[in-house]
Student: 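I am attaching a structure below and will ask some questions about it afterwards.
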Amino acid sequence: MGEAKRRRAGRAGTPVPAASESFGEDWNAAFKPAIVPGKSCGSCTKCCKVMGIPELNKRAWEECSHVAAGIGCKIYSDRPQSCRSFICGWLLDPYMGPDLKPENCHVVFYQRGEHHIVGTCDADYPDAWREPNVIEFLHRLAKANAPRRKVILMEKGRTWFVTETAIVPADTG
């Protein structure tokens with residue numbers, strides 16, 4: 001099943017990349033990784049909130065006007081390319097359980113370019129990343145990907161770097 005058919009079958013929601021953070025167009029590098037069998041977005045539209053959509057001038061951490069509660073994206077078949085390109089890390093990682101699905105943990109994980117893994121926290125749940133299961137996952141990511149990649153944690157207006165043993169504010173030297 002192709003990516004478009006899988007998403008339509010999985011839900012009528014839309015995945016989206018950031019606009020206000022201006023991350024560029026390298027969302028998931030140059031290839032489309034395989035979705036873990038049995039995983040789908042389903043009712044989750046968390047990325048539609050925490051990510052921005054440049055083509056729609058939708059800023060990160062704001063509700064997308066095209067999301068209908070309980071239904072998903074109202075423009076799914078005509079959604080922008082940045083929405084079509086984005087793939088949530090939860091869909092790609094077979095070791096991320098249901099507790100780490102963004103609608104449950106309120107953090108969207110994704111890869112930005114080749115060297116960064118980002119966790120973006122829903123502004124309505126700014127401390128969600130402090131839950132033990134999320135912190136443990138962040139440290140595991142840092143351990144598995146160091147030193148070639150950085151794990152970055154973002155909350156509205158704040159950014160941290162995650163290491164194997166610490167979470168350090170990005171503005172500390």
Side-chain angles (χ1 to χ4, degrees), residues 1-29 31-94 96-113 116-131 133-134 137-138 152-160:
M1 179 185 293
E3 178 64 12
K5 286 182 181 177
R6 184 206 60 77
R7 287 197 181 181
R8 271 188 234 105
R11 72 161 175 131
T14 186
V16 293
S20 67
E21 294 297 322
S22 187
F23 293 141
E25 299 193 16
D26 64 341
W27 279 95
N28 287 302
F31 68 96
K32 284 275 193 189
I35 304 298
V36 173
K39 286 191 174 187
S40 72
C41 299
S43 59
C44 184
T45 57
K46 194 61 74 171
C47 61
C48 302
K49 180 174 184 182
V50 304
M51 308 300 283
I53 308 169
E55 299 94 329
L56 300 176
N57 293 319
K58 184 224 165 281
R59 297 168 52 123
W61 295 288
E62 293 178 0
E63 297 284 347
C64 179
S65 63
H66 297 290
V67 172
I71 297 170
C73 181
K74 297 182 284 188
I75 62 166
Y76 188 79
S77 60
D78 296 318
R79 68 197 184 283
Q81 182 58 45
S82 58
C83 297
R84 293 173 188 272
S85 300
F86 182 76
I87 301 175
C88 170
W90 182 82
L91 293 169
L92 301 174
D93 189 333
M96 290 178 77
D99 63 317
L100 291 172
K101 187 173 183 178
E103 69 181 346
N104 298 327
C105 73
H106 308 287
V107 179
V108 176
F109 293 95
Y110 56 94
Q111 184 168 331
R112 190 172 87 195
H116 297 39
I117 296 175
V118 180
T120 302
C121 214
D122 182 341
D124 290 339
Y125 301 87
D127 292 328
W129 66 268
R130 290 181 167 92
E131 292 296 320
N133 63 325
V134 178
F137 181 70
L138 287 164
I152 301 166
L153 175 62
M154 296 174 59
E155 220 180 64
K156 187 174 183 178
R158 298 175 66 189
T159 303
W160 292 268

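Just so it is clear, the values below take in all heavy atoms, side chains as well, and ignore hydrogens, waters and symmetry mates.
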Student: Between atom NZ of Lys74 and atom NE2 of His66, what is the distance when rounded to the nearest 0.5 Å?
Tutor: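 Taking NZ in Lys74 and NE2 in His66, the distance rounds to 7.5 Å.
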
Student: How many angstroms lie between SG in Cys121 and NZ in Lys156, if you round to the nearest 0.5 Å?
Tutor: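 The distance works out to 12.5 Å.
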
Student: Take Asp122 and Val50 through the test side chain to side chain contact (heavy atoms under 4.5 Å, CB included) and record every step on the way to the result.
Tutor: CA-CA 6 Å; Asp122 182 341; Val50 304; 4.0 Å; yes

Student: Just to verify, what does Asp93 make a salt bridge (charged side-chain N to carboxylate O under 4.0 Å, His left out) with, not counting sequence neighbours?
Tutor: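 With sequence neighbours excluded, Asp93 shows a salt bridge (charged side-chain N to carboxylate O under 4.0 Å, His left out) to no residue whatsoever.
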
Student: Spell out, as yes or no, whether a donor-acceptor pair under 3.5 Å connects the side chain of Lys58 to the backbone of Met51.
Tutor: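 Yes, Lys58 side chain to Met51 backbone: donor-acceptor pair under 3.5 Å.
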
Student: Supply the atom-to-atom distance Phe86 CZ to Gln111 CD, rounded to the nearest 0.5 angstrom.
Tutor: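 That separation rounds to 11.0 Å.
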
Student: Determine, step by step, whether Lys49 and Asp124 satisfy the side chain to side chain contact (heavy atoms under 4.5 Å, CB included) criterion, reporting the C-alpha distance in whole Å, the side-chain angles of both residues, the deciding distance to 0.1 Å, and the verdict.
Tutor: CA-CA 10 Å; Lys49 180 174 184 182; Asp124 290 339; 2.2 Å; yes

Student: So Cys73 and Thr45, do their side chains get closer than 4.5 Å, heavy atoms only?
Tutor: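 No, side chains not in contact.
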
Student: Is the shortest heavy-atom distance from the side chain of Asn104 to the side chain of Cys44 under 4.5 Å?
Tutor: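 No; the side chains remain at least 4.5 Å from each other.
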
Student: Could you tell me which non-hydrogen atom of Ser43 sits nearest to which non-hydrogen atom of Glu103, and how far apart they are?
Tutor: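 Taking Ser43 first and Glu103 second, the nearest heavy atoms are OG-OE1, 2.8 Å.
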
Student: Could you walk me through whether Leu138 and Trp160 pass the side chain to side chain contact (heavy atoms under 4.5 Å, CB included) check?
Tutor: CA-CA 11 Å; Leu138 287 164; Trp160 292 268; over 6 Å; no

Student: List in chain and number order the residues that pass salt bridge (charged side-chain N to carboxylate O under 4.0 Å, His left out) with Arg130, two or more places apart in sequence or in another chain; answer none if no residue qualifies.
Tutor: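 Here the qualifying residues are Asp127, Glu155.
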
Student: For the residue pair Cys47 and Cys88, establish whether any side-chain heavy-atom pair is separated by less than 4.5 Å.
Tutor: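 The answer is no; the side chains never approach within 4.5 Å.
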
Student: Below 30° counts as parallel, above 60° as perpendicular, anything between as tilted: where do the rings of Phe137 and Phe109 land?
Tutor: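 Because their plane-to-plane angle is over 60°, the rings of Phe137 and Phe109 count as perpendicular.
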
Student: Is there side-chain contact between Cys105 and Glu131, with heavy atoms separated by less than 4.5 Å?
Tutor: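 When only atoms from C-beta onward are counted, Glu131 and Cys105 do not touch, as no gap falls below 4.5 Å.
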
Student: So do the side chains of Lys39 and Met96 get within less than 4.5 Å of each other, counting heavy atoms only?
Tutor: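 Lys39 vs Met96: side chains touch.
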
Student: Under 4.5 Å between any side-chain heavy atoms of Thr120 and Val107, yes or no?
Tutor: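 Thr120 vs Val107: side chains apart.
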
Student: Step by step, would you call Val36 with Leu91 a side chain to side chain contact (heavy atoms under 4.5 Å, CB included)?
Tutor: CA-CA 6 Å; Val36 173; Leu91 293 169; over 6 Å; no

Student: Of all the heavy-atom pairs spanning Pro80 and Leu56, show the shortest one and how long it is.
Tutor: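 Shortest heavy-atom contact: CG-CG, 3.8 Å.
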
Student: Can you tell me how far apart OG (Ser65) and CG (Asn57) are? Round to the nearest 0.5 Å.
Tutor: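 Here the rounded value is 10.5 Å.
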
Student: Which distance, rounded to the nearest 0.5 Å, do you find between the SG of Cys64 and the CZ of Arg79?
Tutor: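 If we round to the nearest 0.5 Å, Cys64:SG and Arg79:CZ are 12.0 Å apart.
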
Student: Can you tell me how far apart OG1 (Thr159) and CG (Leu153) are? Round to the nearest 0.5 Å.
Tutor: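 It is 8.0 Å, given to the nearest 0.5 Å.
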
Student: Considering residues at least two apart in sequence or located in another chain, which fulfil the ring pair (Phe, Tyr, Trp, His ring centres under 6.0 Å) criterion with Trp90?
Tutor: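 Ring pair (Phe, Tyr, Trp, His ring centres under 6.0 Å) check on Trp90 returns nothing, list empty.
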
